[in-house]
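Everything numeric here is computed off the predicted structure, so don't read it as measured data.
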Amino acid sequence: MSSRSSRSTTTDAGRSGPGRGAVLLVLLLALAANATALRNGFTIDARNELTANRFITEPGALVELLSTDAWAGSGAVTGFWRPVTGLADWLLWRASGGRAWSFMLAVSLLHALAVWLAVEVGWRLGFDRTSSLVGAALFAVHPVHCAVLATPLGLKDVLAAALGLAGWLALLRVHESRGTGPATASALAAGVLIALALLAKESAAGIVGAMLAVALFDRFRGGVPRPAARAVVVGWLAIAGAVVVKVAGQFAFAGGGPPDPLDFGSVNPLTMLAPDARMFEAVAHVARYLRLLLAPWPVAPDYAFDTFSLGVRPLSASTLVGMFVLAVLAVLAVGAWRRRCRPAWAALALLAASYLPVSNLVVLVPGSGFAARYMYLPSLAVCWLGALALASWPMPRRLRLAVVAVLAGLGLLGSALQNPTWRDEYRLWTRALEIVPQDMMVAYSAAAQFIDSGETAEAVAACDRALGHEGYAPVLEPVMAGWRFQFRMMRARALLADGRADEALPDARRAVAGRPDRHDWCRELVGRFGRLGAWDEMEIVIEDCARRTGDASVAADLRGLGRRLLLEASDRAWRRTEYGLAARLLERALAAGETDPRARLNLALALLADGEPERAVPVLQELLRDAPDEPLYARHLERALREAGERRRRPADQPR
C-alpha cells in the first residue's frame with residue numbers, strides 16, 4: 001500500500017479500493033445474518049467432536065488431540081486429521097468451560113473475518129470497488145451458510161475459509177510488494193496460512209486450486225504486474241509444502257477409515273458405485289448444489305437430499321440440468337480466458353476447485369455423498385459471479401443498488417429464520433423431517449428425538465415410513481439392509497418406550513438377527529425389556545442374542561445382565577412389601593442360572609413373608625446342605641418348619 005485515506009485505499013497501480021465505511025457495513029451484515037444463531041447449542045455431531053471428545057474436554061490431552069483422528073477422543077473415526085481445528089476447539093472449551101455460546105461467537109466472528117477477506121481478495125483479483133463489496137455482501141448473508149454458521153461444528157469450515165483466503169491475499173500481495181524481501185515474506189506467509197487452512201479442514205483445497213488457476217491466468221494472459229521470480233517460486237514451494245504436510249499427516253494420524261461400513265455416518269453410499277456411475281452422480285449433484293445456491297430455502301440440517309436413492313440415469317432430469325450447468329460454466333470460463341477477465345476466471349476457478357473435492361468424483365468423502373455444509377466456499381464464488389453479472393447488466397445505478405438491497409434483505413431474513421433450527425436436537429431433526437422425509441439419516445435422528453420427548457407414535461411413524469421407502473439402486477442393497485435393521489431397532493425402542501413390549505419383540509428379534517455383531521443392541525434390549533418387567537420377552541431376546549452372537553463371553557454377559565435385572569426388580573418388590581412378586585422374580589433368576597446363595601436365601605425369606613413356609617423349607621434345606629455350619633440358614637429353617645407346622649394344625653376354616 002502506498003497510501004490510505006479515511007474513505008478508501010489505493011494500490012500502487014492507482015486503483016481506488018473499497019471505502020472503510022462500506023466495508024464496515026458489509027461486516028455488520030455478516031454479524032447480523034448470524035445473530036439468531038448465537039443461542040444455538042451443540043447439535044448434530046457435536047458429541048463426537050466436542051462434548052464427548054475427551055481430548056477436548058480433558059486439559060492434559062492436547063498432544064493426543066493434535067496427533068490423532070479428529071474424533072478419536074470420543075471413540076469415533078472420521079478419517080481426517082485436523083489439528084488446527086482441534087486446537088481452536090480445545091482453547092474455546094478452556095476459555096468458556098465448554099459452553100456452546102463461545103463456539104457460536106467464534107464462528108460468527110470468523111465468518112465476518114472471511115467476509116472482510118473476500119472484499120480484499122476480490123478487489124486484488126480485479127473486481128471494482130462496488131463489485132467486490134456486492135459479492136462479499138451477498139456472501140455475508142447467504143442463507144445456505146446456516147448449515148455451517150448455525151452450529152458449533154461450523155468452526156472448522158469458517159476457520160479453513162478465513163485462513164485460506166488470508167493465504168490467497170498474501171500471495172496476491174506479492175504483486176504489490178516493493179523489492180524482493182517484502183515479496184518473499186508475503187509468499188512465505190501465504191504458504192504458512194494455506195498450511196494452517198488445510199490443517200483446519202480439507203475444504204481449503206478449493207482455495208489452493210483457485211490460486212493455481214489464477215496464477216496460470218496471470219502467467220499466460222498477463223494484465224497484472226509480474227512479481228519477482230524468486231518470490232513466486234518461494235510462495236509455491238511453501239504452498240506445495242503445506243499440501244505435503246497435510247497429506248502426510250492424514251496418512252500418519254488418520255488413515256484408519258470408518259470402522260463399520262453399515263453404520264450411519266460411517267459409509268458414503270457412492271463408494272458402492274462404479275466410477276462411471278459416480279460421474280453421473282457428481283453431475284446430478286451440480287444441479288442440487290445450484291438449487292440451494294440460488295434458492296437456499298429451506299436448508300435441511302446436514303443432508304439436503306436422500307443420497308441413498310442412488311443409481312442416477314444418464315438422461316435423468318437432474319443429470320441433464322447438471323450437464324447444462326457445467327456447459328454454461330465451461331463457456332463462461334473460455335470467455336473469461338479469451339477476454340482476459342481475471343475476476344470472472346477467479347470466481348469460476350473457485351467454484352470448480354471447491355466443488356470438485358466434495359463431488360466424490362476424485363476423492364470419496366467419508367460418511368457423506370451430499371451435504372449443504374460443503375457449500376460455504378462455493379457460495380462465495382457464486383456471489384462473486386452474481387456481483388459481476390449485476391455490474392455488467394445495463395441498468396440505472398439506483399436500480400442496481402435496489403436489487404442488491406433486496407437480495408441482501410432476503411438473505412438476512414432467510415438466515416434469521418433458519419438459524420434457530422439448529423437450536424437443539426429436537427428442533428433440528430423434526431424440522432429436517434418436514435423438509436426431507438425420505439432421508440434415512442433424518443428419519444432415524446428424528447425418531448430418536450421423538451422417543452426422548454415421549455412422542456412414541458411419531459417415532460413409530462417415522463420408522464415405518466423409512467422401512468417402507470423403496471427405489472434404491474440394487475448395488476446399495478447391502479447398505480440398505482443394514483439401515484433397515486437400524487430402523488427395526490429404533491422402532492423397538494419406540495414401542496418399548498410406550499410400554500408395548502409384546503409389539504416391540506418382533507422388531508427386536510429382527511434387529512438382532514440382522515446385526516448379531518451389535519452386542520450393544522442386545523444389552524440395550526435386555527435392559528429395556530427388563531425395566532418394563534417384560535420378563536418373558538427379555539428371556540427370548542437373551543436366548544436369541546446368545547444363539548446368534550457366537551461368542552460365549554457375550555452370551556454369558558447377557559444372561560448375567562438378565563439375572564441382575566431380575567434381582568434388582570425383586571429388591572424393589574420387597575421394599576414395596578410385594579413379597580409374592582419378589583419370590584417369583586427370584587425363582588426366575590435362579591432358573592436362569594443365578595448361583596449366589598443370597599438369592600436363594602432371599603427367595604426363602606420372601607416365601608416366608610408371603611405366608612408360604614412350606615415352599616421355603618426345601619429352599620432352606622438346600623442351603624443347609626451346601627453350608628451346614630451356617631447358623632442363619634438353620635435359624636430360618638427352624639422358623640419355616642414351625643410356621644409350616646402351625647399352618648397344618650390350623651383349622652381348615654381359618655385363613656392361612
Could you go through residues 527-534 and list every donor-acceptor pair under 3.5 Å that involves a side-chain atom there, pairing it with any protein atom two or more places apart or in another chain?
from: R528; atom 1: NE; to: E524; atom 2: OE2; distance (Å): 2.8
from: R528; atom 1: NH2; to: E524; atom 2: OE2; distance (Å): 3.2

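Checked against side-chain hydrogen bond (donor to acceptor under 3.5 Å, both in side chains), T85 has no partners two or more places apart in sequence or in another chain. Scored by the side-chain hydrogen bond (donor to acceptor under 3.5 Å, both in side chains) test, R575 finds no partners at all (sequence neighbours excluded). The side chain to side chain contact (heavy atoms under 4.5 Å, CB included) test applied to D520 returns R518, not counting sequence neighbours. In this structure L38 satisfies the side chain to side chain contact (heavy atoms under 4.5 Å, CB included) test together with M104, S108, sequence neighbours excluded. Remark: W81 pairs with F253 by the ring-ring contact (aromatic ring centres under 6.0 Å, His included) rule, at least two apart or across chains. Take Q449 and apply the side-chain hydrogen bond (donor to acceptor under 3.5 Å, both in side chains) test, not counting sequence neighbours, and it matches no residue. The salt bridge (Lys or Arg N to Asp or Glu O under 4.0 Å) test applied to D157 returns K201, not counting sequence neighbours. With sequence neighbours excluded, no residue forms a side-chain hydrogen bond (donor to acceptor under 3.5 Å, both in side chains) with H636.
Salt-bridge annotation for R635 and E638: absent, with no side-chain N of the basic residue lying under 4.0 Å from a carboxylate O of the acidic one. Ion pairing of E202 with R82 is present here, as a side-chain N (NZ or NE/NH1/NH2) and a carboxylate O approach within less than 4.0 Å.
The ring pair (Phe, Tyr, Trp, His ring centres under 6.0 Å) analysis of residues 40-59, with sequence neighbours excluded, yields the pairs F42-F103. For residues 533-574, the set of pairs meeting the ring pair (Phe, Tyr, Trp, His ring centres under 6.0 Å) definition, not counting sequence neighbours, comprises W574-Y579. Listed by first then second residue, pairs satisfying salt bridge (charged side-chain N to carboxylate O under 4.0 Å, His left out) with a partner in residues 556-574 read R523-D557, E543-R559, R563-E594, not counting sequence neighbours.
When side chains are defined from C-beta on, L66 does not count as touching V84, because their heavy atoms never get closer than 4.5 Å. For the pair T57/N53, no side-chain contact is recorded, criterion being any heavy-atom separation below 4.5 Å from C-beta on.
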task = Could you walk me through whether H519 and T549 pass side-chain hydrogen bond (donor to acceptor under 3.5 Å, both in side chains), step by step?
result = CA-CA 8 Å; H519 304 150; T549 185; 2.9 Å; yes
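The two atoms that bring A443 and L433 nearest to each other are CA-CD1, 3.9 Å, heavy atoms only.
D69 places no side-chain N or O within donor-acceptor distance of the main-chain N or O of V77, the cut-off being under 3.5 Å. At least one donor-acceptor pair closer than 3.5 Å links the side chain of S96 to the backbone N or O of R99.
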